[in-house]
Number of protein chains: 2
Amino acid sequence: MTDIKLADYLFTRLRQLGVDSMFGVPGDYNLRLLDFVTPAGLHWVGNCNELNAAYAADGYGRIKGLAALITTYGVGELSALNGIAGAYAENTPVVHIVGTPPRPLQAARTFMHHTFSDGDYRRFANMSIHITAAQTRLTDAATAPERIDYILQQALIHSRPVYLELPDDMADPPSSAQEPQVLAQILERMYSAQRPFILVDGESTALGIVEQLDSLIKATGWPTWTTVYGKGLVNEQLPNAHGLYGGAFGDKPAQTYFDEADLVLTFGPHNSDTNSYFFTTIAKPEVAITFSGTTVKINNDTFYDMSARNILSNLLQGLDSTRLVKASAPPKSELSVANIQATDPLAQTNFYPLVNPLFRDGDIILTETGTAAHGGRNFKLPTGSRLFGAVTWLSIGFMLPATLGTALAQRDLNKNTSSKSQTILFIGDGSLQMTAQEISVMIREKLNIIIFIINNDGYTIERVIHGRKEKYNDVPYWRHAQALSYFGADEEHVAKNTFTARTCGELQEVLGNENITNGSGVRLVEVFMGREDVQGALLYLLNKQLAQEAEQK
Amino acid sequence: MTDIKLADYLFTRLRQLGVDSMFGVPGDYNLRLLDFVTPAGLHWVGNCNELNAAYAADGYGRIKGLAALITTYGVGELSALNGIAGAYAENTPVVHIVGTPPRPLQAARTFMHHTFSDGDYRRFANMSIHITAAQTRLTDAATAPERIDYILQQALIHSRPVYLELPDDMADPPSSAQEPQVLAQILERMYSAQRPFILVDGESTALGIVEQLDSLIKATGWPTWTTVYGKGLVNEQLPNAHGLYGGAFGDKPAQTYFDEADLVLTFGPHNSDTNSYFFTTIAKPEVAITFSGTTVKINNDTFYDMSARNILSNLLQGLDSTRLVKASAPPKSELSVANIQATDPLAQTNFYPLVNPLFRDGDIILTETGTAAHGGRNFKLPTGSRLFGAVTWLSIGFMLPATLGTALAQRDLNKNTSSKSQTILFIGDGSLQMTAQEISVMIREKLNIIIFIINNDGYTIERVIHGRKEKYNDVPYWRHAQALSYFGADEEHVAKNTFTARTCGELQEVLGNENITNGSGVRLVEVFMGREDVQGALLYLLNKQLAQEAEQK
C-alpha cells in the first residue's frame, strides 16, 4: 500500500478534473487541510468571507466546468449556503469541502466551539442536503478515496454542487505504518497478561473476523465469553468457551475473574444497555483492548483507520503461543437437568435445560424478546449452530417473521447437502400475536420449523418491569393449538404436529416424539408457564416491584 | 370582526415585546410587508447584507431581550443562516421573518425565480429547522394571529431564534369585507343556473359543513352526488340524492348531465386519482364553484381566507329558493335484486344488492380497499349511517383495525341511547390476512360487528391490474371459518356466529338468520367469489389485460 495523504488524494483528483484555483476562508477545522493546497499545485484564493468564496467558485465553475471551495465547520459553511444554493439553481458543479472537528471529538460528542454545545455534529450537514446534489462524509482511510471519487462524479453528472465533510484529523493522518506498532503493543500486552479475558460481541460478524476469532480462541486457549449479541459466534464445544458473560447480572465466578482481569480483549463491541447488561460487560480502560469498526482502542488511546481483520491476520501469524499464560479459568456454569422431576410444572428454570439436547449441528435457534430471549442465553450450542436473540432493537413480533427468513436462508444453503439442520423458534404468546399470520407462509413454503410458544398469559416481561397485575399487560385469549389448522396446514399434518405441555414429563414426551426429533414442516409446541415466572435479571426487576408494593401497603 | 392587517398585527406584537428597530434587507417577496414597518412605529435599519442583519439583530436582542429581522425567500434568508445559528448557539431570541412567494404561486408550484425551478417551496424552511427553536408558516388569516403569538412565545421561552414564513400576499390582503362580494357572486350564479350539479366530497367533514350541506341539498332540491370519499355524507334517502358520481367510469346519464352542467358546486374536494376517478369528477373551471379549506374558487379566481362555513351560513340565510331552477335530473341508477336466482353463484354484481337491505339507520359500514370498496360505492345508505371506503391512502389491512376503532366509537356514542346500530365490515381475504389478529380484540371487547370476508383466493384487485395468473397475487390458504375459535370466542358463540355462502340463496339464508339480523358480538360470514370476478372500472382493467394477452399470442 503506497502511502498517499488524504488531502493529496483529494487535491490531485480535483486538479485532474481541471480545478487549478481553490476558493475559501481558513478556519479552526480546515487548517491542516489548507497546508496541502499550495504544495498540490493549487492556487489558493483567500476570500473575504465564505459567501463571496461560494459566489466566486460558482463563477469559476461556469468557465472551467468544476470548482471547489473550502470552509470550516458551522460558522464558515453556513455563510456559504446562499452561494451554494445559487449554484444548485443554475447548475454549476461546485465542491463544497468542509473541514470538520477531529473524529475523536465528534465521537465523544464533545461540546466544542462552533457547535450548539449539545454534541450533535450532524445538524449543519443535514442543512446542506437540501441544496446539494450529493453529500459524503469521510470517516476512515479505507473508504475515503472511493467516497471522494463518488462525490466528484456526482458534481459532474448532475452539474450541481456537492458537499464533502473532511474531519480535521484525516487530512494529514499518522502514516498507516502505524498498524505494525499497534500490533506490537497488542502482542506485548498479551505476552505479559496473567488473567486474560476474551469477549466476543456481535459486531464481529460485520467486521468479518468470526473465523479468525475461532483460531485465536484455539491458539490462546484463553477463557472466552460472548455477549448477548455475540452468542452463537463462538464454538461452545471448545473447552475454553464459557458461554454468555452476564456482567453484574451473571454468574459470580465469571464476574470476579472479569473484575480482576489484567487484559480484556473485546471484539466487535455493541454497547447498548441491554447487550451490555447495563454497561457492566464493558472493561475498565486500563485493561481493555477493543477492536471496533475501523478503530482499535488500547487503554485510552484510540487508533483510527485500523482494520481488525488485517491486525488479527498478522497477529495470528506472529503469535508465539508458548509465551502466553495458561490462564486458570473460573468454573463453567452449565444448564443441568439433574434435579428435574417429571411432575414438575414447566417453568423458566427447567424448560431451557430440558429442551437444549434437541439442538443439532447447524441448527438456527431464535429466541424472541421477552423471557424466551433471556432463557436462551444459557443454551449450550452445538458446533456450527447460530442463535439470534433480543439485542438492542427489541421490537416484539420481529422473531417470527425473522424465523421465516432464516429458515428460507437455511434451506437455500442446505440445497445439495445432506444437512438435516432445522430452525427452532422460542416465542411468548404476546409477541406471537404481533405477527402470527406469517405461520401461514411457513406452512405454504413447507419449511422445517419448530415453534415453541411460551404461553404465560400476556406480556410477562412488561409485568415484571411495571404493572404486575395491570390489565394492559394482558393479551386476548387465543387457541394456539388451532393455529396450524387456521393457517391452512392439511388435517393430517395438524394432527401430527401440534403439541402442548404443562409439566416437565409432558415436555420430555413431546421432545421424544418422532415428529419433533425427525419430522418436517411446521411443528407447534405450546408450553404453559406462570404469569410471573421469570429468572435472572428479570427476577431482580420483579422482586423490586414486589418490594415497592409491600412498602405501599 | 375588526379589520387588522396581518403585518400590523405582527409588528404591534413585536413592539409590545420591546422591539423598536427592525433589521433586514428588502427583496422581491418582502416588499409589501416592509410598507408596514415605519407606519407601525418601527425604526427600519436597512443592512448591507442579510448576514450582517442577523449579526446586528443578535446584538440588539442581547440588550433588549428580543430582536427581529426581515429577509426575502431563498437568496435572502440563506445568507442570514450563519447569524441565526450563532444566535441559537448563544441563546439570543431573534425572530427571523421571511417574506415568501404569494400563496397562489406556491400552491401552483410555479417555477419562480429564487427557487430551484422544481416547484418545491419547502426546502429552505426545512434548512432552518436545524437552527431555530420553532418554525411557523402563515397560510390563512383565520389562524395567523395564533401562529404569530405562538412563535413569539417560543422565541422568548427558549431564548433562541425562531422562523416565521409570511407569504407576500398576506401582509396586506384585500379586506375580509370581500366575503359578501364572493357570496353575491355565488348567489348570482345559482339564480342563473339551468343545469346545476352538486358534488359533495370527503373534506366537507373537515370543513364542518356536513349539516349545512344537508340544508342546502334540501333547500335547492338540486341533483346531488358524492365522490368516493364523500359517500355517506349525504342523506341518500332524499329524492334528489343520486349516490356516487363515478366520472368517466360511472353511469352514463349522470356523466352527460355533468358534462352539460352550467354550474357545479363542489364541496371539500379531495382530488387524488382514485377519489376523482382519474380526475374525471373535477368540473371544468368555467362552470365550477369550489369550496376548499380556506379558499373559494369561482371559475379561475381563487379567493383566499374564506370560511366555507361562514359563506354557507350566510348563503342559506339569503337564499331565495323560488329563484332557483327546478332541475330535470337524470334517472337514478340503483342496486336491484330483480334478476337474481337463488342458485346463482355469488358474484360482485349480485352480492352488494343482496346485502344492502341489512343496513339500518345509524350503522357504520366499512369497505376495505379492493373489490369490497368498489362494490360498496353503490350501496344505498340509510339515514344517519356512515360509510368508510378506500379513498387515497389505500393501505390494505387498514379497514379491519379501523372497524375495531369505529365500533368502539359507536359503542361510546350509543351509551345511554336505545340505538341498535352496528358496525359492518366488507373485506377481501388478502387484506384480512394483513391485520386479522385484531379480531381477537373485537372478541375480547364484545363488540357488535359483522365481518363479511370476500374469499376470492388472493389479491383480486392486483390480478386485474397486472399479473392475472401470477403466483405473487396468491395468498396463503387460511380456514376463515376457524377464525372466531382461534381468536378466542367461546364455543357456543363460534357455532352460532360463523357462516359461509357460495350462492345467492345461501347468502339470503344467512342474511335472514336471527344472529345476523338481531345478534351480538363478532359475526363472521365468509362468502366465496371468483378469482377474477370484478365489476365497473376494475372490469375495464381486466379486459385491457386480457386484450394484451390475446395480442401476445
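Just so you know, these numbers come straight off a predicted model, no measurement behind them. Throughout, a chain's letter reflects where its sequence line sits, starting with A, and its residues are numbered from 1.
- Each of A/Asn82, A/Val441, A/Leu78 has some count of heavy-atom pairs under 4.5 Å with chain B, and the biggest count is that of A/Asn82.
- Among A/Asn126, A/Ile129, A/Val475, the residue with the largest count of heavy-atom pairs under 4.5 Å with chain B is A/Asn126.
- For B/Leu81, the parts sitting under 4.5 Å from any heavy atom of chain A are the backbone and the side chain alike.
- Your options are B/Gly86, B/Gly83, B/Pro476, B/Gly74, and the one with the most heavy-atom pairs under 4.5 Å with chain A is B/Pro476.
- For the pair B/Asp120 and B/Arg109, the salt-bridge criterion is not met [side-chain N within less than 4.0 Å of a carboxylate O].
- Residue B/Ala489 touches chain A through its backbone alone, counting heavy-atom pairs closer than 4.5 Å.
- Proximity to chain B involves both the backbone and the side chain of A/Arg479, based on heavy atoms less than 4.5 angstrom apart.
- Taking each heavy atom of B/Ala53 and B/Asn47 in turn, the nearest pair found is CB-OD1, 3.3 Å.
- Separation of atoms CD (A/Glu445) and CG (A/Asn448) is listed at 12.0 Å; rounding is to 0.5 Å.
- Minimum interatomic distance between B/Met399 and B/Glu368 (heavy atoms only, all atoms of both residues): N-OE2, 3.4 Å.
- Each of A/Asn456, A/Asp474, A/Asp457 was compared with A/Arg463 under the side chain to side chain donor-acceptor pair (under 3.5 Å) criterion, and only A/Asp474 meets it.
- Proximity to chain B (any heavy atom under 4.5 Å) is shown, for A/Ser485, by both the backbone and the side chain.
- Atom CG of A/Asn52 sits about 4.0 Å away from atom CG of A/Asn49, to the nearest 0.5 Å.
- Among A/Thr435, A/Ile443, A/Val75, A/Asp118, the residue making the largest number of heavy-atom pairs under 4.5 Å with chain B is A/Val75.
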